[in-house]
Amino acid sequence: MITVDLRSDTVTKPTPGMLAAMFSAKVGDDVFGEDETVNALEEKAAAIFGMEAGIYCPSGTMTNQIAIKCFTQPLDELIADQTAHVYRYEGGGVAFNSAVSTRLLNGYRGVLTAEMIEPEINAENVHYPRTSLVVLENTVNKGGGACYTLDQIKPIAQLCKTRELKLHLDGARIFNALTYTGDNAADYGKYFNGISVCLSKGLGAPVGSVLLADKETIKYARRVRKVLGGGMRQAGFLAAAGIYALDHQVERLKIDHAHARIVADALSASPAVANVLPVETNIVLFDTIEPADTILNKLAAQGIRAMSTDKHRIRFVLHLDVHPEQVEHVIKTIGLLVQ
Ligand SMILES: *Cc1c(COP(=O)(O)O)cnc(C)c1O
């Protein structure tokens, strides 16, 4: 039977080319700064986004948490959308690691504007936490892969500059956003103080994220990473997968996006589906007439795995291990769903 795993773009496995690159990596002790492959990955990622420096970490949670630690002081407050990964899915780490509170806004599909943020910046007053950081997510995971364009980001960056706030990008799926918007990665460095880039989602590396910032920040980030237990030794074997992903698996994201649109069209035509949310990238969110679990069981019986995000909402995530014949199988299965 054909099986398809649409639970997440984290389920991808290294391709033969990526494994070959990993096996032949030149490594050293990265805690001593001597792993040339890690160093090359950090420099490469920084150059792509027009940032000074980078630090390779085991996860996107760690790069986000380190960024928040670097850009805040205890008792500060950060501003994020209420769906933000840093708030919902990092185990309360903002409070634990940085002793910072989180001000949550209601963006449109998780996308914020300067007009939404401005009134939420606390005035200087002994009662209020000091607002010091804004965190944006691009694409927005809970927003169904919704994107910010750089033109939407610019006024937010301007506001942060004027009000002396730092601006961090949770770019777990930043290359999906760039694929959709056509914006230039190198321009991002002008607008953000920190950028977290995930290598183990759509890019297909088995492990790792990179935090990008200026040299001073990355120097401190190395201390924080060590404290969190994220100092790795011959990590170049893993970093090699990241370099390979950046070189070979960015261009192909448009295939995942095309697959997502095809699947969304099939869902729109299904009597079992009440509503399909707009699809911009590789994530498809849709509302089901029967409970989501009932539909998930029907899909599972046909070898298709997915997850619900609500009682009547299901998420499909397309990725490099979903090939055209699997997309066909998904479409055929959707066609068999009845009300
Ligand atoms: C997956 C993800 C992360 C990082 O997750 P890790 O599993 O810790 O690598 C961060 N932000 C968003 C929006 C994500 O989707």
Side-chain angles (χ1 to χ4, degrees), residues 5-14 41 45 54-69 71 78-94 96-98 102 104-105 107 109-112 133-148 153 167-180 188 192 194-212 221 224-225 228-230 232 235 238-239 241-242 245 253 256 260 280-285 306-307 309 315-320:
D5 196 340
L6 300 174
R7 288 173 301 165
S8 174
D9 43 9
T10 56
V11 301
T12 57
K13 293 182 185 152
L41 170 63
I55 180 170
Y56 181 55
C57 293
S59 71
T61 298
M62 190 180 284
T63 46
N64 281 335
Q65 290 297 315
I66 290 174
I68 292 163
K69 185 71 191 154
F71 295 139
L78 70 79
I79 292 176
D81 182 75
Q82 49 101 8
T83 63
H85 194 279
V86 294
Y87 173 70
R88 288 210 185 197
Y89 304 114
E90 298 186 8
V94 171
F96 186 78
N97 294 316
S98 297
T102 306
L104 297 172
L105 308 188
R109 301 179 74 213
V111 174
L112 303 177
L133 174 65
V134 174
V135 178
L136 305 182
E137 208 171 288
N138 203 14
T139 69
V140 185
N141 180 359
K142 284 285 277 185
C147 296
Y148 285 87
I153 289 167
L167 183 59
H168 173 66
L169 175 67
D170 176 355
R173 295 188 180 83
I174 183 58
F175 284 106
N176 294 93
L178 293 168
T179 299
Y180 178 74
Y188 266 70
F192 288 96
I195 300 177
S196 164
V197 180
C198 189
L199 302 160
S200 68
K201 294 242 162 94
L203 296 193
V207 172
S209 284
V210 188
L211 174 63
L212 309 172
V224 180
R225 184 184 67 177
L228 295 176
M232 299 184 284
L238 296 170
L253 289 174
D256 300 340
E280 293 182 2
T281 54
N282 66 325
I283 299 176
V284 184
L285 291 178
M307 291 203 305
T309 65
R315 185 181 82 157
F316 285 172
V317 187
L318 283 297
H319 53 75
L320 66 86

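Atoms within a ligand are numbered from 1 in the order they appear, just like the ligands themselves.
Nearest non-hydrogen protein atom to atom 6 (P) of ligand 1 is Gly60 N, 3.6 Å.
Between the side chains of Asn138 and Tyr180, no donor-acceptor pair is found at a separation under 3.5 Å. Judged purely by distance below 3.5 Å, without hydrogens or angles, the side chains of Asn64 and His168 pair a donor atom with an acceptor atom.
Heavy atoms from both the backbone and the side chain of Ser59 come within less than 4.0 Å of ligand 1. Contacts of Asp170 with ligand 1, taken as heavy-atom pairs under 4.0 Å, involve the side chain alone. The residue Val140 has no part lying near ligand 1, judged by heavy-atom distances below 4.0 Å.
At a 3.5 angstrom cut-off on N or O pairs, Glu90 does not count as close to ligand 1. Remark: ligand 1 and Met62 share no N or O pair separated by less than 3.5 Å (distance only, no angle test). At a 3.5 angstrom cut-off on N or O pairs, Thr61 counts as close to ligand 1. The shortest N or O to N or O distance between Arg173 and ligand 1 is under 3.5 Å. When only interatomic distances are considered, the shortest N/O to N/O separation between Glu137 and ligand 1 does not fall below 3.5 Å.
Using the six-membered ring where Trp is involved, Tyr89 and His85 have ring planes that are tilted, between 30° and 60° apart.
The main-chain N or O of Leu211 is never found under 3.5 Å from a side-chain atom of Thr63 such that the two would form a donor-acceptor pair. Between the side chain of Gln82 and the backbone N or O of Leu105 there is no donor-acceptor pair closer than 3.5 Å.
With ligand atoms numbered from 1 in the order given, ligand 1 contributes 1 (C), 2 (C), 3 (C), 4 (C), 5 (O), 14 (C), 15 (O) to contacts under 4.0 Å with heavy atoms of Lys201. Listed by number with element, the atoms of ligand 1 under 4.0 Å from a non-hydrogen atom of Ala172 are 2 (C), 3 (C), 10 (C), 11 (N), 12 (C), 13 (C), 14 (C), 15 (O).
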Check your understanding: Checking salt bridge (Lys or Arg N to Asp or Glu O under 4.0 Å) for the pair Lys142/Asp81: CA distance, chi angles, key distance, verdict?
Key -> CA-CA 10 Å; Lys142 284 285 277 185; Asp81 182 75; over 6 Å; no
